Amino acid sequence: MNRAYFARRFAMALFAIGVAVVLNFLLIHLMPGDPAHRFYADPRVPPEVKEEIVRLFGLDKPLWTQFLLYIRNVFRGELGISFTTQRPVLQVIAERIPWTLAITLFPTLAAIACGIWVGMWAAWRRGGIADFLLRTLGTAASSIPSFWLAMLLVMVFAYWARIFPLMGMVKPGLSLGERPLAFIGSVAYHAALPMLTLFVLSVPGYALAMRNAVISILGENYILAAQSKGISQRTLLWRHVLKNAVLPLISMFSLSLVGVIGGAVLVEQVFSWYGMGLLMIRAAQARDFPLVQAVALITIVLTIAANFVADLVQAWVDPRIRYG
Amino acid sequence: MARTRHPRPRERWGKHKAERRYLQLLRRPAGIFSLAFLALCVICAIGADAISPYDPYDPGDKDILAALQGPSLKHPLGTDSFGGDVLSALIHGTRVALIVGFSTGITVPILGAILGAVAAFFGGGVDRFIMFLVDVVMVLPGLPLMILVATYIGGSYWIVVVLFTFLGWAGVCRMVRGRILSEKAAPYVEAARSYAAPWPRVLFRHLLPSTYPLLAVTAARTAAGSVLAEAGLSFLGFGDPLAVSWGKMLADAQSQGALLFGAWWWVLFPGLAVTLLSLSFINLGYALEELFNPRLRRGARA
């Protein structure tokens with residue numbers, strides 16, 4: 001891998017994080033009213049926590065000092081104390097991350113696998129019924145609001161068919177420590193509908209990208225050469241076409257992360273799935289400013305980091321990429 | 001000597017041909033459908049007060065006794081938990097959706113076109129800086145940012161417009177830059193430069209028009225995306241608390257237990273409206289793309 005490429009991408013990721021941090025800081029201070037006053041005024045905050053906040057953020061010092069203090073705190077991982085729970089925000093957030101990962105990771109991976117297969121099939125029988133369905137449904141899927149699809153699925157599978165629970169994450173009373181298998185089973189049962197929503201909505205995008213990539217590759221000379229050797233269709237598709245066709249999917253995956261995160265927030269709200277998204281919504285409704293800010297910041301940093309890694313992976317598997 | 005007009009790319013589409021092409025938009029069923037639905041929405045948005053059978057903004061105009069009732073003659077699309085007419089709310093909701101869709105459909109392509117054109121035209125450090133910003137903006141997640149801003153500023157659909165512009169220009173910028181870079185070497189640009197046309201004239205009069213088709217397509221796609229984003233933000237409760245919007249209808253349906261009572265009409269119709277409007281914008285984008293790029297027309301578009 002090219003060192004200059006790595007350096008450029010790394011600088012970009014750092015700068016993006018910097019933009020997020022500055023934006024976060026500015027939002028507090030551009031609001032009408034004194035931030036110190038707002039923190040003090042909240043009756044839920046006990047005095048010792050207030051002192052801690054003032055000390056941490058330097059709220060009695062000039063704006064410039066506050067900014068430097070803020071940067072220092074961000075790098076130390078001290079993102080403040082939540083008003084509602086009186087605990088360090090980082091701790092509150094760390095508890096929620098696995099829940100969001102659980103309902104986003106599996107559907108996304110499954111959607112990529114499924115998209116590769118469907119896209120390959122549609123491209124091989126270009127103009128056929130599968131191709132037509134894919135393109136029609138693909139357009140439709142990009143217009144369907146994720147939360148609406150989630151609500152419809154709840155309506156059908158939880159209200160009418162009564163197969164899946166209406167909402168929640170796990171059967172009350174179960175804990176991971178006592179009966180791990182039952183706990184995981186219950187979580188999977190509750191996660192089925194949220195995962196289905198995210199899966200259904202992300203398949204067409206990957207499938208369409210795969211289809212277009214495969215179609216352009218099928219016109220290449222090396223495919224003609226392979227065909228003239230008399231190899232089977234299966235070998236042709238899964239060995240010769242696949243390798244080059246999945247490359248665009250990697251960059252698509254990194255760009256789709258932004259959408260997956262938004263989708264997860266909305267779907268979590270529908271199912272009362274208490275992950276990062278619902279945490280942020282509840283914090284925002286309770287005007288728990290440090291928590292909202294920290295969730296936004298961490299979400300943004302995680303997205304940027306994941307994009308950075310995906311870029312590196314792509315540069316690694318595709319030597320043609322030099323400077324993005 | 002007669003005044004010679006310098007060649008402009010715009011003249012590739014003659015007036016008569018253009019008229020015929022616009023008619024072609026109506027030949028595809030998807031094109032007719034999307035234009036018709038958009039027209040319906042515009043009519044609803046303008047004449048909402050005259051068309052809608054009830055006033056969703058008037059608490060006295062709710063049929064409390066007929067709360068949570070399915071579609072009937074009196075309420076064609078049923079009622080919500082306060083007896084509000086779903087159809088009337090849908091009609092009034094077109095306003096927010098269209099304002100957001102059209103505003104971002106205008107601001108995003110304009111900002112993206114200007115920055116993309118400047119990057120491609122000047123090259124060098126300016127280009128590198130702008131493309132750096134593009135890469136940065138592309139990875140910022142929109143919805144968490146919108147929630148963050150809404151928490152501080154208070155809910156409003158203008159947040160969607162501003163943040164969509166702030167985040168959306170990057171994609172347009174990249175496309176416009178690519179187009180202008182490939183167009184920069186064209187003979188007509190050289191001709192314009194050879195008689196010392198000032199650079200703004202070369203850029204905005206000669207080069208930028210070659211990106212108009214691209215911008216029209218982007219405008220439609222951006223509108224589709226922002227309609228969805230606004231619905232999402234309103235659904236989470238960060239929309240305008242006083243305005244009736246489709247996302248807010250779904251939020252009310254969710255929070256007041258439409259799913260527990262099986263009030264399918266309260267969930268189905270607002271979401272369908274969002275989907276159809278967004279789909280109409282996307283289809284309009286496809287149709288415009290075909291209109292401007294005849295090569296696509298021959299492709300197997302079943």
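Throughout, protein chains are lettered first and strands after them, A, B, ... in sequence-line order, and every chain is numbered starting at 1. Remember, it's a predicted structure, so these values are computed and weren't measured experimentally.
- A salt bridge links B:Asp135 and B:Arg174; the closest N-O separation between the charged side-chain nitrogens and carboxylate oxygens is under 4.0 Å.
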Considering only distance and modelled atom types, tabulate donor-acceptor pairs under 3.5 Å from the side chains of residues 262-269 of chain B, sequence neighbours left out.
{"residue": "B:Trp265", "atom": "NE1", "partner": "B:Gln69", "partner atom": "O", "Å": "3.3"}
{"residue": "B:Trp265", "atom": "NE1", "partner": "B:Thr79", "partner atom": "O", "Å": "2.9"}

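- Between B:Ser34 and B:Leu279, every side-chain heavy-atom pair lies at or beyond the 4.5 Å cut-off.
- Proximity of A:Ile17 to A:Ile300: side-chain heavy atoms (C-beta onward) are nowhere separated by under 4.5 Å.
- Annotation: residues 145-153 of chain A contacts chain B through A:Pro145, A:Phe147, A:Trp148, A:Met151, A:Leu152 [non-hydrogen atoms, separation under 4.5 Å].
- Using a 4.0 Å cut-off between charged side-chain N and carboxylate O, B:Asp240 and B:Lys248 make no salt bridge.
- Chosen from A:Thr136, A:Val265, A:Ile261, A:Val19, the residue pairing most often with chain B at heavy-atom distances under 4.5 Å is A:Val265.
- If you tally non-hydrogen atom pairs under 4.5 Å between each of B:Leu148, B:Ile147, B:Val227, B:Leu143 and chain A, the highest count goes to B:Leu148.
- For the options B:Gly142, B:Gly237, B:Pro141, B:Ala258, heavy-atom pairs under 4.5 Å to chain A are most numerous at B:Pro141.
- Within the 4.5 angstrom heavy-atom criterion, no atom of B:Ala150 approaches chain A.
- Only the side chain of B:Leu133 comes within contact range of chain A, with at least one heavy atom under 4.5 Å from a heavy atom of that chain.
- If you measure heavy-atom distances from B:Phe281 to chain A, you find no contacts under 4.5 Å at all.
- Within the 4.5 angstrom heavy-atom criterion, atoms from both the backbone and the side chain of A:Val270 approach chain B.
- Top candidate by heavy-atom pairs under 4.5 Å with chain A, chosen from B:Leu250, B:Val137, B:Leu277, B:Val274, is B:Leu250.
- Chosen from B:Ser278, B:Ala253, B:Pro144, B:Gly271, the residue pairing most often with chain A at heavy-atom distances under 4.5 Å is B:Gly271.
- Using a 4.5 Å cut-off between heavy atoms, B:Leu276 makes no contact with chain A at all.
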Please list, one pair per line, the donor and acceptor atoms closer than 3.5 Å that link side chains of residues 228-235 of chain B to other protein atoms, with sequence neighbours excluded.
{"residue": "B:Glu230", "atom": "OE2", "partner": "B:Ser234", "partner atom": "OG", "Å": "2.5"}
{"residue": "B:Ser234", "atom": "OG", "partner": "B:Glu230", "partner atom": "O", "Å": "3.1"}
{"residue": "B:Ser234", "atom": "OG", "partner": "B:Ser245", "partner atom": "OG", "Å": "3.4"}

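- Across every non-hydrogen atom of A:Glu268 and A:Met276, the tightest pair is OE1-N, 3.6 Å.
- With a threshold of 4.5 angstrom between heavy atoms, B:Ile282 approaches chain A through side-chain atoms but not through N, CA, C or O.
- Evaluation of the salt bridge (Lys or Arg N to Asp or Glu O under 4.0 Å) rule for B:Arg95 yields B:Asp49 as partners, not counting sequence neighbours.
- In summary, A:Asp131 and A:Arg126 do not engage in a salt bridge, as defined by a charged side-chain N under 4.0 Å from a carboxylate O.
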